[in-house]
Amino acid sequence: MLSKIPANPPPRLVLKFFKMFSHYDDIQRARHLFDKIHEPDLRSWTILISAHTKHGFPEEALNIYNTLRARNVKLDTYVLLPVAKACAASADLIKAREVHDDAIRFGFSSDTLLGNALVDMYAKCKYVDGAKRAFDDVKVKDVVTWTSMASCYANCGLARQCFGVIRNMGLNGVRPNSVTVSSILPACTELKDLNLGREIHGFVVRNAIGENVFVSSALVNMYASCLSVRQAEFVFVNMFRRDSVSWNVLLTAYFSNKEYEKGLGLFHQMRSEGVKLNQASWNAVVGGCVQNGLNEQALDKLRQMQDSRFRPNQITITCVLPACTNLESLKGGKEIHGYICRHWYFKDLTTSTALVSMYAKCGDLDLSRRVFDMMTRKDTVAWNTIIIANSMHGNGNEAVLLFHNMLGSGIKPNSVTFTGVLSGCSHSRLVHEGLQIFNSMNREHSIDPDADHYSCMVDVLSRAGRLEEAYEFIQRMPIEPSAGAWGSLLGACRVYKNVKLGRISANRLFEIEPDNPGNYVLLSNILGTAKLWDEASKTRKLMRDRGIPKTPGCSWVHVRNKIYTFVVGDKSNKQSEEIYNFLEDVGKKMKLAGYIPNVDFVLQDVDPKEKHEILCNHSEKLAVAFGLLNLNGESSIRVFKNLRICGDCHTAIKFMAKIVGVHIIVRDSLRFHHFRDGILPGHQRRPFQFQKLQELLL
DNA sequence: ACTTTGACAG
């Protein structure tokens, strides 16, 4: 057939073939034919552009449009229509503005058909102002015009404006159709307004559009997020027809409402009953597992997903990264980082941010920072992540610096930014900076400080030892001081041995959170240190009487893909003897280097010699020793503790790091502590080897 | 023509 086309074919003939081939998805051949036309008319151009968009090549469609545009021919609404669609498909705002300008220049912007396409185009680019302008230009607005505008607001998280459009639509005598309803239901989902949702449901029933799968799926979703899973189930069960999305919606509904067993059950059912699964189904399950703390299962489902020939996408990857974080699996996180690089997913803002967070929480701040620095675009969440990462690792100065860089690059801070940077200030005792930033919240950024911000400020003052000021600050707070505020003060009373304020804050905490064992233990420790044994035992008795179990402290460390856990005085480990011998030997070295055991942290009333032994028993010391004894060429170890690190251990581990030259990272219930003072100027840090340490200790 | 599901910071 092809050979029968003359060398210089008449346009109409080519057009016929062109239509045929574009229909059969053979864009290359269509293009080839098009190129044979000497002077293609506007109709040929239109078909060429729309074929490229329709077959998933919107960028190429826009390139073709550029070529056409360069010829300075007069355009019409029919050619701009597929161009607007191409902009929508590629979410290309720059091109979108050009197209809009062209439409205005040629006087087509009041046209309903083209205007609708322009509104939708801006909606897909998430550019509300443009959509509104295009919308206002349309003279005769039909249901599509109104729906597109409402949909734009809904997708941009402007639910109130969305319903405003719908109200106006009614006032203008246009009735919503099924598309309108399915477009506005997500806005209702966002507002979590069950009553509004029910109202819409009523409209659906009255107008008999419930058989529409878009409408009913959106209803299921709306009920699920308005915390009415039973209603969601009811709508689902009574659906006329269900597609993959409908099933996925219910699946997500179970997981996000903590009913993960039902979620897993439904997924099993979907697979066994031959429901057509898609990538989103797997994402829902993988993400659902993580949401519900089923971290291993999430990784398992990821493997199953790949076995079922589904490729994990950015969303899958972003969903599972927190599973690595929760498992403290730096290794697993790095594997996923590799996958991200291989698939170019690092271009995705959300995915990169998740990576930054994962590295920080797994204890590798350097890698976290490296990923952050590689990001080409950074939004508020990305900046918040790196600020929080630095605060979490005790780098308050860096957190403050990053905060100012963020402002400098024109990114707006939100309330999370301030909790992040202020907690950094407290960890690094940056009182002046903390106060300054706190005061700027309202003045410069119009953000009202909430309970967390006030607690951070109490922490800033308390940790710096300014306990009386912190107490005054609490009393002058315009909102009810939260447990966080009193907790910071109490914690600092332990460090600075302030019995008076310790009693006050603990008693407030006993009222606010009577079931938190930590507060009783802290007060009892403060009293014990002050040798007020009677009062200390009264506090412990109060705790017992209220039936509050004390959380046992434990520490753990990852060695060769296994987690080894230690409790105080633990002797269950195979290498226990080695551990205690090591601690004794290194202890001697430490004392020579100037370490003085701080027996304040022993709360039993026993003789000094025994106190020293008790200190050596602490779970974090045991875990650190075990980690050091099992180093495999690494220059750092990571130890985790469920409670806050003991003050003596903090000092002791600092000395250990110095003596053995290993970077020791301890993550306790509050943050990461880095001990790496062992590097002397001019000395290269070498991987630690056990033999060398033995020599050193002899 | 416009429509339903899916994530990152605390």
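Side-chain atoms are counted along with the backbone in the values below, which use heavy atoms only and exclude waters and symmetry mates. Lettering follows sequence order; numbering is per chain, from 1. On a predicted model such as this, the values are computed, not experimentally measured, just so you know.
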For atom [atom1] of [X] and atom [atom2] of [N], their distance in whole Å:
X	N	atom1	atom2	value
A/N390	B/dG10	CG	C1'	16 Å
A/N177	B/dT4	CG	P	13 Å
A/L185	B/dT4	CG	P	10 Å
A/F214	B/dT3	CZ	C1'	6 Å
A/H427	B/dG10	NE2	P	12 Å
A/L118	B/dC2	CG	P	13 Å
A/K347	B/dA7	NZ	P	24 Å
A/N248	B/dA7	CG	P	12 Å

Quick one: label [X] by what it contacts on the DNA or RNA (base, sugar-phosphate, nothing), any heavy atom closer than 4.0 Å.
X	value
A/N278	nothing
A/N212	nothing
A/V249	sugar-phosphate
A/T353	base
A/V213	base
A/N414	base
A/I388	sugar-phosphate
A/T419	nothing
A/A284	nothing
A/D348	base

Is the ring centre of A/F135 less than 6.0 Å from the ring centre of A/W146? yes
Looking at A/F163 versus A/Y153, is the centre-to-centre ring distance below 6.0 Å? no
Base of [N] paired with side chain of [X] (donor-acceptor, under 3.5 Å):
X	N	answer
A/N283	B/dA7	no
A/S183	B/dT3	no
A/S182	B/dT4	no

Looking at [options], which one has an atom nearest to any side-chain atom of [X]?
X	options	value
A/T252	B/dT4, B/dA1, B/dG6	B/dG6
A/A218	B/dT4, B/dC8, B/dA1	B/dT4
A/L113	B/dA9, B/dA1, B/dT4	B/dA1
A/T318	B/dA9, B/dC8, B/dA1	B/dC8
A/I315	B/dC8, B/dG6, B/dG10	B/dG6
A/V416	B/dC8, B/dA9, B/dT3	B/dA9

Note, A/K301 side chain near A/L264 side chain (heavy atom, < 4.5 Å): yes
Respond yes when some side-chain nitrogen or oxygen of [X] is under 4.0 Å from OP1 or OP2 of [N], and no when none is.
X	N	result
A/K361	B/dG10	yes
A/N221	B/dT5	yes
A/K124	B/dT3	yes

From A/D448, A/T417, A/I447, residue fulfilling side-chain contact (heavy atoms from CB on, under 4.5 Å) relative to A/M441: A/I447
Has A/K54 got more than 12 heavy atoms of other residues, nucleotides or ligands less than 6.0 Å from its NZ? no
Would you check if the side chain of A/H453 reaches a backbone N or O of A/D450 as a donor-acceptor pair within less than 3.5 Å? yes
May I ask you to establish whether A/R242 and A/F236 are in a cation-pi arrangement, using a distance under 6.0 Å from NZ or CZ to the six-membered ring centre and at most 45° from the ring axis? yes
